[in-house]
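Down below is the structure, laid out as structure tokens.
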Amino acid sequence: MNNLNLKVDKSKCIKCGKCIDICTNLNIEFDTDKYPRSINNSCFGCQHCMAVCPTGAISVFDKNPDNCAEIKHSVNSDDFMNLVETRRSCRHYKQENVNNEIMYKLKNMLNWVPTGCNFKDLHFSIVENKDRMQEIREKLYKKLRFLLRFIPVNGRLKTYKNAILSGEDMILRNAPHMIVVSTNKKAPCKNIDPIIALSYFELYAQTLGLGTLWCGLAYKTLPLCKDVMRDLDIPKTHNISYVMLFGYPNVTFKRGIQPNYYNISELK
Ligand SMILES: Cc1cc2nc3c(=O)[nH]c(=O)nc-3n(C[C@H](O)[C@H](O)[C@H](O)COP(=O)(O)O)c2cc1C
């Protein structure tokens, strides 16, 4: 990212140097009057200089620091832990659209997910209407039922083959919505960024009363159907990276599960 366009409001700047200390790309220094200035083009746009400034003196990319999110830190860690413990995959959905307000919140949240080297070039295709989802479902299964007769399959698809052939939605689980994340082929962390985005999406969605399902089967099978891929409108510069289903859940869990605990090597 070349044009940091670092602007310093000298009436507010207290010359503390916090913006210089925090710049991970060594992109800011004091000028001769001890005000910060940008010195090279290595900025990758994290905006930490603006976020750390105690007086709101720094603007980058023409952004007004007064418009930044307020830090409230109101998330209770016990509540968060309970969310993690009780989050479940949802395979039963109400046949209704998620309301516009919630849909907006979900889409808006995606703008904040972190990416490696701050390479912000994820693309999200979100099926926002259950009728559109049904069209996609029909196209996918038309193709799959044709292919399943001829190509050998293994894993889950093998388990589900007969159910799929007899008309059951073992892949898209009758979900009313789907988010497909695709990633710029040149992104430095292209294997990780989309998964982080969906992890945030999943937890946030659950706080909004939605059910979600990571859908490896959709990730594997959607690309088999060119028609669906066209619908998804994935940029040519991007590859499909993963899929998550979501909607209002039609199942209520009464308790969490009990995990098999991982081994942790405690290096003390
Ligand atoms: C990367 C990933 C891919 C998954 N793909 C599918 C899938 O295609 N279909 C499905 O029914 N569940 C899928 N799941 C859900 C897992 O089967 C589920 O996490 C597991 O059954 C444990 O249930 P829980 O998520 O409620 O703890 C996937 C989960 C993950 C993390």
Side-chain angles (χ1 to χ4, degrees), residues 79-95 106 110 113-116 122 124-127 130 133-134 136-141 143-145 147-148 151-183 189-225 228-229 232 239-263:
D79 288 348
F80 184 78
M81 183 60 195
N82 188 251
L83 173 68
V84 172
E85 281 173 336
T86 58
R87 170 217 61 83
R88 293 275 69 79
S89 292
C90 179
R91 299 184 181 89
H92 301 275
Y93 294 93
K94 290 189 178 147
Q95 295 308 301
L106 289 167
L110 291 169
V113 299
T115 52
L122 294 169
F124 301 99
S125 309
I126 303 182
V127 184
K130 66 182 175 49
M133 191 69 188
Q134 184 58 21
I136 288 177
R137 184 175 285 110
E138 283 165 16
K139 286 179 186 173
L140 175 67
Y141 282 115
K143 183 75 181 185
L144 271 188
R145 288 191 189 110
L147 289 175
L148 279 173
I151 57 168
V153 283
N154 48 32
R156 294 273 105 194
L157 263 189
K158 190 173 177 188
T159 313
Y160 296 152
K161 181 175 170 179
N162 289 338
I164 290 172
L165 289 174
S166 64
E168 282 186 59
D169 184 5
M170 301 306 293
I171 298 176
L172 301 177
R173 303 285 180 177
N174 296 306
H177 304 292
M178 170 170 80
I179 174 169
V180 179
V181 54
S182 52
T183 318
C189 300
K190 54 179 174 280
N191 296 332
I192 312 296
D193 295 342
I195 305 307
I196 293 173
L198 289 188
S199 299
Y200 276 53
F201 185 91
E202 166 165 60
L203 291 179
Y204 187 50
Q206 302 233 356
T207 69
L208 295 167
L210 302 182
T212 54
L213 183 69
W214 290 89
C215 198
L217 283 177
Y219 166 64
K220 278 195 184 149
T221 55
L222 290 175
L224 300 173
C225 185
V228 171
M229 291 303 279
L232 292 177
N239 281 332
I240 182 169
S241 304
Y242 226 77
V243 180
M244 185 167 280
L245 308 175
F246 66 100
Y248 294 119
N250 204 12
V251 54
T252 312
F253 292 101
K254 296 294 185 189
R255 59 194 64 77
I257 54 103
Q258 298 176 32
N260 297 321
Y261 289 91
Y262 290 120
N263 289 325

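In each ligand, atom 1 is the first atom listed, and ligand 1 is the first ligand listed. Only heavy atoms go into these numbers, but all of them, side chains included; no hydrogens, no water, no symmetry mates.
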Next on the checklist: I'd like to know if atom 22 (C) of ligand 1 has any protein heavy atom within a distance of less than 4.0 Å.
Outcome noted: no
Checklist entry - For ligand 1, which atoms sit closer than 4.0 Å to a heavy atom of Arg173? => result 11 (O)
Next on the checklist: Quick test: of every protein heavy atom, which one is nearest to atom 6 (C) of ligand 1, and how far off is it to 0.1 Å?
Outcome noted: Trp214 O, 3.0 Å
Checklist entry - Closest heavy-atom contact between Ala218 and Pro223? => result O-CD, 4.0 Å
Checklist entry - Just distances here: any N/O of Tyr242 and N/O of ligand 1 closer than 3.5 Å? => result no
Next on the checklist: Tell me whether the rings of Phe246 and His177 are parallel (<30°), tilted (30 to 60°) or perpendicular (>60°).
Outcome noted: parallel
Next on the checklist: For the residue pair Arg156 / Tyr160, report whether a side-chain donor-acceptor contact shorter than 3.5 Å exists.
Outcome noted: yes
Next on the checklist: Under the side-chain contact (heavy atoms from CB on, under 4.5 Å) test against Arg137, which residue among Asp169, Ile171, Val228 passes?
Outcome noted: Asp169
Checklist outcome for this item: Note: Leu213, heavy atoms under 4.0 Å from ligand 1, region reported as side chain
Next on the checklist: Show the nearest heavy-atom pair for residues Ile179 and Phe124, with the distance to one decimal.
Outcome noted: CD1-CD2, 3.8 Å
Checklist entry - Looking only at protein heavy atoms, which one is nearest to atom 8 (O) of ligand 1, and how far off is it? => result Leu217 N, 2.8 Å
Item to check | Shortest non-hydrogen contact between Ser125 and Leu232, atoms and distance | outcome: OG-O, 2.7 Å
Next on the checklist: Taking 4.0 angstrom as the limit and counting only heavy atoms of Arg87, give me the atoms of ligand 1 inside it, by number and element.
Outcome noted: 24 (P), 25 (O), 27 (O)
Checklist entry - Which atoms of ligand 1 are found less than 4.0 Å from any heavy atom of Gly216? => result 3 (C), 4 (C), 5 (N), 6 (C), 7 (C), 8 (O)
Checklist entry - At their closest point, which heavy atom of Thr183 faces which heavy atom of Pro194, and how far apart are they? => result OG1-CG, 3.3 Å
Checklist entry - Which of the numbered atoms in ligand 1 are below 4.0 angstrom from a heavy atom of Arg88? => result 24 (P), 26 (O), 27 (O)
Item to check | Arg91 contact mode with ligand 1 (heavy-atom cut-off under 4.0 Å) | outcome: side chain
Checklist entry - How far is atom 24 (P) of ligand 1 from its nearest protein heavy atom, and which residue and atom name does that atom have? => result Ser89 OG, 3.4 Å
Item to check | Candidate pair Val84 and Asp79, rule side-chain contact (heavy atoms from CB on, under 4.5 Å), full reasoning | outcome: CA-CA 9 Å; Val84 172; Asp79 288 348; over 6 Å; no
Next on the checklist: Does ligand 1 come near enough to Tyr160 that some N or O of the ligand is less than 3.5 Å from an N or O of the residue?
Outcome noted: no
